[in-house]
Every structure is written in structure tokens, then in C-alpha cells.
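Scroll down for the structure; my scribbles are underneath it.
Order of the sequence lines sets the chain letters (A, B, ...), proteins ahead of strands, with each chain counted from 1. As the structure is a prediction and not an experimental result, all values here were calculated from the model.
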Amino acid sequence: MAAITESEVRWAASLMRIDAGDAAAHVPKVQKMVGYFERLDEADLGEAGREERAIGVADLRADEAEGCPAGLMGHLKGEGGEHVRSPGLR
Amino acid sequence: MTAGLALGLAEYAEGVRSGSVSAEEHMASTLERIARHDGALHAYVSLDPGALEGAARVDRDARAGRDVGPLAGAPLAVKDNICALGCPTTCCSRMLGSYRSPYDATAVSRLRGAGAIVVGKTNMDEFAMGITTEFSAFGPSRNPWDTARVPGGSSGGSAVAVSALECAAALGSDTGGSVRNPASFCSIVGLKPTYGRVSRHGLVSYANSIEQIGPMARSVRDAAMLMDAIAGPDPMDDTTRLAGPAGGHAAHLGDGVEGLTVGVDARAVDETTPVGRAARRAAGALESLGASVVDVDLAHEGLSVAAYYVITAAEAGSNLARYDNIRYGYEMPADGYEHGAYVTAARSRLGPEVQRRMILGGFVPSAGHAGQYYLKALRARDVLASEADSSFSSLGLSCLLSPTVPVPPFRLGEKIDDPVELFRMDSNTVLANLTGRPAVSVPFTLCGGLPVGMQLMGRAGEDARLLGVAAALEGAADEMGVPVP
């Protein structure tokens, strides 16, 4: 089983912009989880690859600003009178 | 008092329409019950103060002969990661402690359109990452059958509320069993619909390619009624391409199982345990009702939990990027921080389990590790889907039966320090999520005085037929009663 080190925990935490604090405290649980995942690497899953589908940046849809009921803006943080409604899941 | 609160949704709504049941009195009794029991059970994290007034309006409409909808003011609970206009939606995280939804999730607006009233938001594991509610920033919910035990999760609050008659039914969300696991632990019905059957618009995203909103109810018929209200295409979610079944989700409830073939997931049934023996008894009950029962062996099923956690960690890592305290978050002065340091400092409010999953989300798809974990997990997902497809078609299966969870509800704190032990609790449920199939947990029996549910996983898009088999199993289940007087 690959050993997860404190520095790897710090590195992954920095990628996700979280403060790992005492990174050593996370090591045992993260080690156990990653150790469990190794069965994937050991399994014979055949050779077939996945079909990849790439979408160019220019083809991505834009988010649309939508209004919302009056009086609710106070609940939103820093959107200055208008918020971007959760975009459609397209 | 419990008799009135235990009414089925159809019977309740008919009573409101005919005037024999008052929606306002029913709501008042529900709120009274919450006040009496929820201090111990902790199903709710917030209540809607307008619920009682809304119910009085339903009574006035009914008296005036106006349409009150099929749900006629029924008090419904909503998991706290599903947006309900004006209500807090905290995902039980300190990160979103003061966030209120500026709009309704599609599922919620459809329930309101059918006449339902949201009574409150329910407890859950933070951002749905857990299976016990012990990772909620508000503290855990407790199992109404034994308050020293977990109610399951992550939709544990919804399950407790339904089981303890603190609402008529509820919405949960299911990423790896989060509707079915607590349904099993609290003796209620929980359905994870086919992926694409119910809109995810307004569900706070955790793992978009897997999760679904699902109904949690005291009977299969009530779950079907909720599905009729919430299912169907939604322009705000292009994954909802599936039209509802002709005749509605209750169309097959009386069909029985005569002539159907039910598979038993042999790897999930350990007959040396009480839960495994209960699963065999459930299979026998379906057989005695006319179904053919065959054992099914899915060779790669042992990879499903690992594949599930790798894929969800990667998707969660991406989804949680929005909690940067700029788009979503809480008041924290920015003076003295550069941008990255500010985001990092703000995220210290995320709980330890969420932080761990984010660390995994950074680790498993990263350069140098993706081939070992993430790409293998995607491949395993394809293999599992193809294996399930071929078993269903070669054996002519209508559904696959297993225990929903391999064990009865366990004690609070018993497994919290062992992540792999918690992973194993998902071993029977994640396959439906990875393959997009519908699956339902039906309360079946008590083992040592604790509820045990059976899971039926069906064919994609055949949610109504699956509910038909579930209704047959429900009819053969042991009488369990209400856990809280």
C-alpha cells in the first residue's frame, strides 16, 4: 500500500485552498481511504478506454443574470442588487 | 393524536377536500409533535414560521371549493441542501450558516404547486458527506427507535421526521444511498429515482453525475404521490430528459409480482447475519407471491464503493470551490489578506470530514495519481454498468434485491473514526448511483428491535414498475408500528 505522507496531505490541501492545520492528524484517515482505493488499481478492468468528449471554451454557454423577488437581496453576499441565479444544469 | 398524523397522503388530502380533516389542525398537531419530540430527536434545523398560516389558507380554499392540489396542505420536510425560498439552506455547514435560499428548487416549487407546505429544513451530514448525520455542524439526529443510535444519513433528519410523525413526508438527496440508508435505519420508504427523472435545480451540488433528489415517506403509495409531483423534464436541468410514466408512479402499485423475475444480489446477502437472513426471507416472500427468484453474481461489485468514493471526491472538490467567501460564505473582514490566503482562512469553517474529502478531491484526480485512481474509477463505473445491464437482460430481471444496509442501525460514535468501516455501509447502495438506476428501500422487519430495510434496484426509467414490486414487498413485511408514542 502506498504510504501517504504529511507533505502530500499539505500539497493536496493547498490545491484545494484549505488549511490542513495539523496535517499529520489527517494522515491516518486519508491513508486508510487511499489504501482502500488501491483495489481499483489492482483490478483487471480490461483494456477498453473511455470515450472522451471535449468542449471548447468558446462553446460553453454563458451564465445569465436573473432578477429575484424584492427583499431577498439582503440575504445574498456582495452581489450589489442583482444575483446570478443558479445556472441551468446543461 | 398519532392516528391523524399517520394518515396516508391520499387519505389526508381527500379528508381536507371533503372537510373531514382540517389542514390547519393537522399542521398544528405536527408542530406540537415537533415541539415535544424534536429536542431529543433533532430532525429539524429550521422551521418555516409561515407553515400554520399556509395550512389555514388551504382550509379556506377547500371550503370555497377551490383546487387545493393533490397534497392539500400536507406538511413536508425538506433536506437542508435543497433550496426553499426564504428559508435557511445551510447544508448543515458553518460555512453557510446565514445563507437563505433566494429561490425554490424545482422539486420544492413543484411540491408547493401540488399544494404541499414546507414545514422546515432537516438535519444532514455537512454537504451530504456522511451516512450518520454525525458530521452535521448542528450535531447529530437520533434514531427514533433508539436515541443512542444513528438514524443513517446523509438525509437522516428527513428520515427521522417522517418516521416520528413530525411531517407527512420529506425530500432527501441520494448520492450513494443517502435517501435509502436512513430510510432503512428509520423504517420508512426511500426512493432514489432514475438519474434524470427528478430535476437537481436548486439542490446544492455534491457529485453532479450521480446524485438525485428522492422522496421519503411512510408508504410506497405516498412515495409514488411525491414522485408524481416532482418528476419530469425541467428546462433548468437538461439531465431531466425522462417523461413521467403513463398513469403516474402509482400505476403499477396493484400489479403484484406474478410472473416477474427478481434477482438476489448474492454477494450482498450474508446468511450468517440476521440482516442477511432477513433478505432471504424477503426473497421468499416475493416468491410466494408468484415471482421467480434467482441468485445474481456481479463479479466486480466489490469495486463499486471505491469507484464511488473516488468519483465523488473529485466532483466534490470541484463543487466546493464555490465556497470562497466571495460568492458564498459568511462575513469575514478581508483586510490584511491576499485573495488565496483569504479563501483558505474562510474555509477553516468547513468541518473535518469535508476538509478530508477535499484533500482526497485534490489527490485522486491529480497528475501522477489520476491513472491509478480516478481513471480507474471511471472505468470501473462503466464495467459495473455493463455487468448490471447484462445480468438484467440475460436473466430477464425486473429488479435486484439486497439488504439496503448490511447491518442494523449502530451506536452514535461507533464507526466515526473508521472511514473504511463507514464506506462498507454503502456497499449495497452505491451501484444504483453509479449506474443511474432507480432503487428503493422498503421497511421489512426488526432485528433485535431495530429496523431493517430491503433494497430493490430496478431498470433505468422504470421507476413506476419498481414501486409496484416495492408495494408487493411492503405488503409482505412485518408490522413495525410507530417508534415514538
Minimum heavy-atom distance between [X] and [Y], given as atom pair plus value:
X        : Y        : value
A:Val34  : B:Leu360 : CG2-CD2, 3.7 Å
A:Leu40  : B:Ala380 : CD2-CB, 3.9 Å
B:Arg356 : A:Val30  : CG-CG2, 4.2 Å
A:Glu38  : B:Gln372 : OE2-NE2, 4.1 Å

Are [X] and [Y] packed together at the side-chain level, in the sense that at least one heavy-atom pair is separated by less than 4.5 angstrom?
X        : Y        : answer
A:Leu45  : B:Lys376 : yes
B:Leu303 : A:Arg39  : yes
A:Met16  : B:Ile359 : no
B:Phe423 : A:Phe37  : yes

Q) Taking A:Asp19, A:Leu15, A:Val9, A:Ile18 one by one, which has the highest count of heavy-atom pairs under 4.5 Å against chain B? A) A:Ile18
**Q.** Salt-bridge criterion met for B:Asp417 and A:Lys29 (N-O under 4.0 Å)
**A.** yes
(Q) Looking at chain A, which one of B:Thr240, B:Asp418, B:Leu320 has the largest number of heavy-atom pairs inside 4.5 Å, strictly under? (A) B:Asp418
Q: Please determine, among B:Gly317, B:Ala306, B:Pro352, B:Gly362, the option with the most heavy-atom pairs under 4.5 Å with chain A.
A: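 Top count of heavy-atom pairs under 4.5 Å with chain A: B:Ala306.
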Engaged part of [X] at the chain A interface, taking heavy atoms whose separation is under 4.5 Å:
X        : result
B:Val305 : both
B:Glu387 : neither
B:Asp234 : neither

Q: Kindly assign one of parallel, tilted or perpendicular to the pair A:Trp11 and B:Phe363, based on the angle between their ring planes and the thresholds 30° and 60°.
A: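 Ring orientation, 0 to 90° scale: perpendicular.
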Q) Rounded to the nearest 0.5 Å, how far apart are CG of B:Asp324 and CZ of A:Arg17? A) 8.5 Å
